Amino acid sequence: MACLTDLVNLNLSDNTEKIIAEYIWIGGSGMDLRSKARTLSGPVTDPSKLPKWNYDGSSTGQAPGEDSEVILYPQAIFKDPFRRGNNILVMCDCYTPAGEPIPTNKRYNAAKIFSSPEVAAEEPWYGIEQEYTLLQKDTNWPLGWPIGGFPGPQGPYYCGIGAEKSFGRDIVDAHYKACLYAGINISGINGEVMPGQWEFQVGPSVGISSGDQVWVARYILERITEIAGVVVTFDPKPIPGDWNGAGAHTNYSTESMRKEGGYEVIKAAIEKLKLRHREHIAAYGEGNERRLTGRHETADINTFSWGVANRGASVRVGRETEQNGKGYFEDRRPASNMDPYVVTSMIAETTIIWKP
């Protein structure tokens with residue numbers, strides 16, 4: 001007699017060429033990921049070969065009930081680490097039946113920016129450090145914390161090991177391997193300063209693919225925490241008080257920055273970011289004012305600053321970049337709940353296209 005696990009792990013390729021495609025999209029809040037599955041007649045590797053699909057936008061806060069159909073356009077394909085075999089995850093964006101991007105479709109404008117000749121010629125690279133916090137399901141209190149109480153002060157938890165310092169490593173490692181299996185360019189993981197908080201890094205990725213990969217990495221993480229009976233939050237300050245918040249530091253370079261003399265290009269780009277500080281802050285995530293206080297390795301939200309090796313600045317330049325005279329910089333302002341399509345494209349637009 002087969003048990004449930006046996007059936008979940010059935011290898012379809014033993015008996016059929018058909019595959020399962022899980023279509024993923026972003027819901028009405030801008031942070032809620034949704035997905036549903038469909039059967040395809042055989043393996044597909046090119047998103048342009050996939051059929052469009054639709055869903056009830058009135059149930060996701062993206063369309064009225066009397067005209068509720070929203071169309072999914074497949075944009076990127078990843079291997080499915082849950083069903084495995086030839087099955088796939090499909091990152092989609094969302095349109096009206098007339099082919100217009102709906103208001104919550106942030107990928108559309110990002111793709112336009114990345115396809116502009118000026119930006120494409122610079123081949124922007126991104127490395128995004130996605131922080132998140134694991135919560136106990138029934139209490140919404142961080143994993144490993146005593147119910148209604150607090151652990152010892154911050155200090156021993158960052159990159160810490162041991163049952164009294166590291167909480168949720170099985171989830172983190174499962175996510176790491178699942179992302180590698182899926183084809184996401186995940187480059188590392190580490191425990192963060194606040195216990196129960198972790199980080200994964202995606203990149204280097206070029207242009208629009210950075211946003212696709214971060215969103216699918218988030219999707220995989222939420223699916224794994226669902227299996228584990230744990231809640232993941234991307235709130236930028238999940239616990240008030242003397243605890244670190246959660247960010248999505250965005251490392252960035254262009255071809256001109258990576259060449260000899262690139263340090264001058266980096267400094268000019270940072271000056272542009274300074275001039276558009278308010279616009280960037282407005283687009284860098286909800287609730288970021290609770291995180292960007294000038295404490296806990298952040299700059300004050302109202303003041304732009306930059307420095308070499310300074311983790312209390314808005315923008316940090318690495319010591320190696322300064323020494324080599326070329327390289328990349330890190331925008332430390334984005335919150336953990338930022339939209340990577342918005343942040344990556346806005347940085348490119350400001351530093352490459354925008355003229356002060």
Side-chain angles (χ1 to χ4, degrees), residues 26-27 29-33 128-160 163-176 189-202 214-215 217-250 281-301 311-312 314 331-340 342-343:
I26 301 160
S29 76
M31 271 304 291
D32 57 318
L33 284 161
I128 295 178
E129 305 170 26
Q130 176 68 71
E131 295 179 338
Y132 60 94
T133 307
L134 298 174
L135 305 177
Q136 301 169 60
K137 181 171 175 283
D138 296 327
T139 61
N140 274 345
W141 199 238
L143 200 65
W145 289 35
I147 301 299
F150 296 88
Q154 295 183 153
Y157 309 108
Y158 172 71
C159 297
E164 78 283 15
K165 295 188 288 290
S166 177
F167 312 112
R169 190 183 297 277
D170 52 348
I171 292 169
V172 174
D173 278 348
H175 176 249
Y176 195 173
I189 56 96
N190 60 268
E192 269 302 332
V193 177
M194 188 183 86
Q197 188 182 86
W198 293 82
E199 173 185 300
F200 64 89
Q201 302 95 33
V202 172
V214 170
W215 274 116
R218 286 175 173 177
Y219 173 84
I220 291 171
L221 178 59
E222 290 216 52
R223 286 283 305 274
I224 289 172
T225 54
E226 173 190 322
I227 293 167
V230 169
V231 174
V232 60
T233 178
F234 296 100
D235 188 289
K237 186 73 173 180
I239 304 296
D242 195 17
W243 304 98
N244 273 36
H249 301 157
T250 301
I281 287 295
Y284 274 14
E286 294 293 325
N288 213 8
E289 71 282 352
R290 293 182 282 117
R291 167 181 163 260
L292 296 181
T293 61
R295 300 181 63 219
H296 304 111
E297 301 180 76
T298 70
D300 181 82
I301 194 169
R311 283 179 162 77
S314 308
D331 191 338
R332 296 179 60 81
R333 296 172 295 171
S336 50
N337 60 1
M338 63 81 157
D339 187 327
V342 172
V343 169

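Note that the structure is a prediction, hence the values are computed from the model and not measured.
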Check: P142 main-chain N/O paired with Q136 side-chain donor or acceptor under 3.5 Å:
yes
Do you know the tightest heavy-atom contact between D32 and S29?
OD1-OG, 2.6 Å
G160 and S166: which non-hydrogen atoms are nearest, and at how many Å?
O-CB, 3.7 Å
Could you state the interatomic distance from OG (S314) to CD1 (I301), rounded to the nearest 0.5 Å?
10.0 Å
M31 and its side-chain contact (heavy atoms from CB on, under 4.5 Å) partner, picked from D339, N337, T233
N337
Between G149 and W141, the two heavy atoms sitting closest are O-NE1, 2.9 Å
Partner set under side chain to side chain contact (heavy atoms under 4.5 Å, CB included) for V172, not counting sequence neighbours
Y132, I189, W198
First locate atom CD of Q130, then atom NE2 of H249, and finally report the distance between them rounded to the nearest 0.5 Å.
11.0 Å
Could I get the full list of side chain to side chain contact (heavy atoms under 4.5 Å, CB included) partners for N140, not counting sequence neighbours?
L135, V231
Please list, chain by chain and in numerical order, all residues satisfying side chain to side chain contact (heavy atoms under 4.5 Å, CB included) with N190, sequence neighbours excluded.
Y158, C159, E192, E199, Q201
Any non-hydrogen side-chain atom of I171 less than 4.5 Å from a side-chain atom of L221?
yes
Is any side-chain heavy atom of S336 less than 4.5 Å from a side-chain heavy atom of M338?
no
Is there a donor-acceptor contact under 3.5 Å from the side chain of W243 to the main chain of P195?
no
Which residue pairs pass the side chain to side chain donor-acceptor pair (under 3.5 Å) test with at least one member in residues 283-296, sequence neighbours excluded?
D235-R290, D242-R295, D242-H296, H280-Y284, Y284-D331, N288-R291
Once ring pair (Phe, Tyr, Trp, His ring centres under 6.0 Å) is applied, do any residues pair with Y157, and if so which ones, sequence neighbours excluded?
none
For residues R332 and L292, report the shortest heavy-atom separation together with the two atoms involved.
O-CD2, 4.5 Å
If only atom types and distance count, is the side chain of H175 paired as donor or acceptor with the main-chain N or O of A217 below 3.5 Å?
yes
Please name the pair of heavy atoms, one in Q197 and one in A246, separated by the smallest distance, quoted to 0.1 Å.
NE2-CB, 3.8 Å
Take F234 and R218, measure what side-chain contact (heavy atoms from CB on, under 4.5 Å) needs, and give me the verdict at the end.
CA-CA 10 Å; F234 296 100; R218 286 175 173 177; 3.8 Å; yes
Partner residues of Q154 under the side chain to side chain donor-acceptor pair (under 3.5 Å) criterion, sequence neighbours left out:
N244
Rounded to the nearest 0.5 Å, how far apart are OG1 of T133 and CE of M194?
4.0 Å
Identify the two heavy atoms, one from L134 and one from F167, that lie closest to each other, and give their separation to 0.1 Å.
CD1-O, 4.2 Å
